[in-house]
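Note sheet for the following structure.
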Amino acid sequence: VQLVESGGDLVRPGGSLRLSCEISGFSFFDYAVGWFRQAPGKEPEGVSCLDKSDDSTYYADSVKGRFTISTDNTKNTIFLEMTNLKPEDTAVYYCTASGYRPYCSAYESLGLGFGSRGQGTQVTVSS
């Protein structure tokens with residue numbers, strides 16, 4: 001299982017950004033996938049999760065209505081579309097994957113160390 005994130009950048013408050021995570025070694029129907037983030041000096045936070053086996057999703061309250069998780073089977077890629085970005089969204093973002101079910105309903109409690117993850121991509125929201 002491998003995951004490689006990209007798309008992190010410096011963006012102004014109110015701006016948008018799309019993160020990508022290219023996967024290999026598994027299919028989206030065998031593994032649920034998601035995004036965690038970790039800001040300096042803070043605990044990791046589960047941002048969003050998607051399980052294609054039943055189309056279940058999870059979003060942290062802090063990003064509901066602003067972030068959208070999706071997958072592209074033809075490109076073996078996970079996306080996190082982020083809009084109306086705020087300075088508090090600044091963090092390293094990690095994509096994650098696990099064959100454990102139900103992964104998404106327990107996403108936050110399972111934590112960043114559960115399952116597989118990528119190396120991370122930095123998102124900085126600042127004027």
Side-chain angles (χ1 to χ4, degrees):
V1 174
Q2 286 193 318
L3 306 103
V4 181
E5 303 95 335
S6 62
D9 205 347
L10 170 64
V11 62
R12 294 182 181 275
S16 300
L17 199 62
R18 186 175 78 165
L19 304 183
S20 301
C21 176
E22 187 171 347
I23 70 160
S24 60
F26 66 95
S27 76
F28 289 128
F29 292 96
D30 293 329
Y31 276 56
V33 294
W35 292 89
F36 258 85
R37 67 186 180 186
Q38 187 167 21
K42 294 189 176 181
E43 291 294 313
E45 177 187 18
V47 174
S48 183
C49 184
L50 171 63
D51 189 338
K52 293 295 289 183
S53 70
D54 61 4
D55 282 331
S56 60
T57 58
Y58 163 82
Y59 289 97
D61 288 342
S62 58
V63 306
K64 279 180 182 176
R66 301 189 298 123
F67 290 13
T68 304
I69 189 171
S70 63
T71 61
D72 185 329
N73 292 347
T74 63
K75 297 180 180 179
N76 288 331
T77 302
I78 311 163
F79 298 105
L80 184 68
E81 195 77 40
M82 305 185 293
T83 63
N84 190 21
L85 283 160
K86 304 175 181 181
E88 52 264 41
D89 294 318
T90 296
V92 177
Y93 284 71
Y94 300 90
C95 62
T96 68
S98 175
Y100 171 81
R101 262 59 185 248
Y103 187 48
C104 291
S105 62
Y107 194 59
E108 176 69 16
S109 60
L110 288 172
L112 178 58
F114 188 89
S116 301
R117 74 178 203 191
Q119 83 288 350
T121 187
Q122 176 71 47
V123 173
T124 303
V125 184
S126 174
S127 54

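Atom set for the values below is all heavy atoms of this structure, side chains included, hydrogens, waters and symmetry mates excluded.
Contact check on D61 versus K64 returns a salt bridge, with a Lys/Arg side-chain nitrogen under 4.0 Å from an Asp/Glu carboxylate oxygen. Classification of D89 and R66 as a salt-bridged pair holds, one side-chain N sitting under 4.0 Å from a carboxylate O.
Between the side chain of Q38 and the main chain of V92, no donor-acceptor pair closer than 3.5 Å is present. Not one N or O on the side chain of E5 forms a donor-acceptor pair closer than 3.5 Å with the backbone of C21.
Here the side chains of S126 and L10 are in contact, with some heavy-atom distance below 4.5 Å.
Atom CD of E81 is separated from atom OG of S48 by 12.0 Å, given to the nearest 0.5 angstrom. In this structure, OG in S6 is found 8.0 Å from CD in E22, a value given to the nearest 0.5 Å. Between the OG1 atom in T74 and the CG atom in N76 there is a gap of 8.0 Å [rounded to 0.5 Å].
Remark: Q119 CD is packed, more than 12 non-hydrogen atoms of other residues, nucleotides or ligands lying under 6.0 Å away. Within 6.0 Å of atom CD in Q2, 12 or fewer heavy atoms from other residues, nucleotides or ligands are found, so the atom counts as exposed in its surroundings.
Nearest heavy-atom pair, S127 versus P13, reported as atom, atom and distance to 0.1 Å: N-CD, 3.7 Å. Contact between R37 and A91 at its shortest, heavy atoms only, is CB-CB, 3.8 Å. Taking all atoms of both residues into account, the shortest heavy-atom contact from E108 to G46 is OE1-N, 2.5 Å.
Sorted by first and then second residue, the pairs that involve residues 98-127 and meet ring-ring contact (aromatic ring centres under 6.0 Å, His included), not counting sequence neighbours, are F36-Y107, Y100-F114, Y103-Y107.
Other residues sharing a hydrophobic cluster with L19 under the 4.5 Å side-chain heavy-atom criterion for ILVMFWY residues are V1, L3, V11, L17, I23, F26, F28, Y31, V33, W35, V47, L50, Y59, V63, F67, I69, I78, L80, M82, L85, Y93, V123, V125.
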